[in-house]
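Lettering follows sequence order; numbering is per chain, from 1. Just so it is clear, the structure is predicted and the values come from calculations on it, not from any experiment.
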Number of protein chains: 2
Amino acid sequence: MTRAIQTKNEKLPDPVGFATHDHNDCIDTAIAAAETHCANNGVRLTPVRRKALEILLQEHRALGAYEILDRLRDAGFGSQPAVAYRALEFLVTNGSAHKIERLNAFIACAHSKVSHVPAFMICTECDSVAEVQSNLTNKAFGNAAHVAGFRIEQTTMEAVGLCPVCIDKSKT
Amino acid sequence: MTRAIQTKNEKLPDPVGFATHDHNDCIDTAIAAAETHCANNGVRLTPVRRKALEILLQEHRALGAYEILDRLRDAGFGSQPAVAYRALEFLVTNGSAHKIERLNAFIACAHSKVSHVPAFMICTECDSVAEVQSNLTNKAFGNAAHVAGFRIEQTTMEAVGLCPVCIDKSKT
DNA sequence: ACTTGCAATGTTATATCATCACATAGAAAT
DNA sequence: ATTTCTATGTGATGATATAACATTGCAAGT
Ligand SMILES: [Zn+2]
Ligand SMILES: [Zn+2]
Ligand SMILES: [Zn+2]
Ligand SMILES: [Zn+2]
């Protein structure tokens, strides 16, 4: 049984960071990076996991778990939520994908080779998402954590606002 | 996710930001701040909204919408989800509360008087949340947004890890 | 070969979170 | 007083996520 899809932006071209890019080989390189990571860390990029990553990379946008599940089912995998959630958890844990908490959705990492603090710009109008290369950790944050005795394991930043496309639209 | 409820007249130190503070009057000051804000902005701190804020302030932790709804119902307000979600939306919009996306939960702002980038430390073990005073905007983030033509409206940062209490526990 | 162990996948059922659509009630503006 | 807009209330539904448990496939150890 197919569930309704919630995502608003179905028809965007190949935007990464709201700019166009050569999408053709970026899938292959990302998959290769995932394979390398798995080999180096003693975990397995199994068929479902690989397929889930391919789906995310194909779209280059944030996808809900059930949207991914639909495609996994179409590809012959299981049809129950846990199938998608487990694959996604694996990808997130291993740095191939991120969860956009604001959207309850998942997106392939745009630069999985380098270690980074995931940071995103999320359009409130069309739900498009761009991952920002943000190598700068917030120093004040780190200090506060240290003072509080909190051991940070991962930090994510999410900015919401209007993407260039929707800014243009709002002007007309 | 289950945590002890903190009562208003508790003698022991109340933790905010994993540190102790004087909880007794911080509710009143926060409510006063909300009232001032509403007066200055032509919006109304109606009974439900005020009660929802009081609930959040009482607890000083992240509460799910349905948890808040329960208490609103107990206080004589409506019993349907929209009642809580609408009140919470108002509080978030007007800076009296934040949504912790990671937890799908809400928390009273710990320093609602000053404009700030909401930043939180979230314990993966016990789900406790501390709001960090992070007046430092991530510069790289801002630059990236500018380059991309993205108009940031709000940024939030969420760090997950282990709170001091759970670090202690894990050592035993 | 066999069994024991473990990780991964699958399924059913259920829990949790969130919004829609529409009716009614109050406040504010004319 | 009438209109208008905001706010509250309700029932119904949608969307997201996990629990619990059976099954499979593979690898070590015997
Ligand atoms: Zn990334
Ligand atoms: Zn947009
Ligand atoms: Zn705050
Ligand atoms: Zn903790």
Side-chain angles (χ1 to χ4, degrees), chain A residues 1-8 34 38-39 41-53 56 62-94 96-107 124 127, chain B residues 1-3 34 38-39 41-53 55-56 62-94 96-107 124 127:
Chain A
M1 115 112 63
T2 315
R3 295 191 150 225
I5 293 170
Q6 208 181 20
T7 323
K8 286 186 248 172
C38 289
N41 292 82
V43 291
R44 291 190 294 146
L45 190 63
T46 60
V48 226
R49 293 166 176 174
R50 183 195 198 89
K51 186 66 190 177
L53 179 54
L56 289 175
L63 294 174
Y66 280 82
E67 215 169 342
I68 290 157
L69 178 57
D70 283 346
R71 293 177 203 201
L72 289 175
R73 187 199 45 239
D74 292 349
F77 296 100
S79 61
Q80 300 304 311
V83 171
Y85 280 103
R86 285 194 286 233
L88 289 166
E89 183 188 27
F90 176 88
L91 295 176
V92 168
T93 299
N94 290 279
S96 298
H98 300 292
K99 180 171 187 184
I100 311 293
E101 299 288 353
R102 173 87 184 204
L103 300 177
N104 297 312
F106 301 83
I107 194 166
T124 51
D127 280 350
Chain B
M1 187 81 156
T2 320
R3 301 179 73 236
C38 288
N41 292 83
V43 291
R44 291 189 293 146
L45 190 64
T46 61
V48 226
R49 292 166 177 175
R50 182 194 197 90
K51 186 67 189 178
L53 179 53
I55 291 164
L56 289 174
L63 293 174
Y66 279 76
E67 217 169 339
I68 291 156
L69 178 58
D70 283 348
R71 294 168 153 92
L72 289 176
R73 189 200 328 100
D74 292 349
F77 296 99
S79 61
Q80 300 302 313
V83 171
Y85 280 103
R86 285 194 285 233
L88 289 166
E89 183 188 28
F90 176 88
L91 295 176
V92 168
T93 300
N94 289 278
S96 298
H98 301 293
K99 180 171 188 184
I100 311 293
E101 300 287 353
R102 173 86 183 205
L103 300 176
N104 297 312
F106 301 83
I107 194 165
T124 50
D127 281 347

**Study point:** Residues forming a salt bridge (charged side-chain N to carboxylate O under 4.0 Å, His left out) with Arg49(A), sequence neighbours excluded
**Key:** none

Practice item. Report the C-alpha separation of Asp74(B) and Arg71(B) in whole Å, then their side-chain angles, then the decisive distance to 0.1 Å, and conclude whether the salt bridge (charged side-chain N to carboxylate O under 4.0 Å, His left out) test is met. Key: CA-CA 5 Å; Asp74(B) 292 349; Arg71(B) 294 168 153 92; over 6 Å; no

**Study point:** Nucleic acid footprint by protein, nucleotides 18-25 of chain D - heavy-atom cut-off 4.0 Å, B for base, S for sugar-phosphate alone
**Key:** B-------

Review point. Do any side-chain nitrogens or oxygens of Lys99(B) fall under 4.0 Å of OP1 or OP2 in dC17(C)?
Key: no

Check your understanding: Can you check the Phe77(A) CZ to dA8(C) P distance for me, whole Å?
Key -> 15 Å

Point to revise | Interatomic distance where CG belongs to Leu45(B) and C1' belongs to dT6(D) [whole Å] | key: 15 Å

Point to revise | Length of the CG-P vector between Leu69(A) and dT9(C), whole Å | key: 14 Å

Check your understanding: Does Arg44(B) place a side-chain N or O at less than 4.0 Å from the phosphate oxygens OP1/OP2 of dA28(C)?
Key -> no

Point to revise | Note, Thr46(B) side chain near Phe90(B) side chain (heavy atom, < 4.5 Å) | key: no

Check your understanding: To the nearest Å, how far apart are Ile68(A) CD1 and dT16(D) P?
Key -> 11 Å

Check your understanding: Just how far, in rounded Å, is P of dA7(D) from CG of Leu88(B)?
Key -> 15 Å

Point to revise | Separation of dC17(C) C1' from Arg102(A) CZ (nearest whole Å) | key: 15 Å

Point to revise | Heavy-atom pair of closest approach, residues Phe106(B) and Ala65(B) | key: CE1-CB, 4.1 Å

**Study point:** Heavy-atom side-chain contact between Lys99(B) and Leu88(B) under 4.5 Å
**Key:** no

Study note, to complete from the structure: All heavy atoms of Ala34(B) vs all of Leu45(B), minimum pair found to be CB-CD2, 4.2 Å

Check your understanding: Base, sugar-phosphate alone, or nothing: which one does Arg73(B) contact when heavy atoms must sit under 4.0 Å apart?
Key -> nothing

**Study point:** Distance below 4.0 Å between Ser79(B) side-chain N/O and dT10(D) OP1 or OP2
**Key:** yes

Point to revise | Length of the line joining Ile100(B):CD1 and dA18(C):P, which is rounded to integer Å | key: 12 Å

Exercise for review: Mind jotting down which residue pairs meet the side-chain hydrogen bond (donor to acceptor under 3.5 Å, both in side chains) criterion with at least one end in residues 78-87 of chain B? Sequence neighbours excluded, please.
Suggested key: none

Check your understanding: Roughly how many Å is it from CG in Leu63(B) to P in dC17(C), rounded to a whole number?
Key -> 11 Å

Check your understanding: Think Asn104(B) has a side-chain N or O under 4.0 angstrom from the OP1 or OP2 of dA18(C)?
Key -> yes

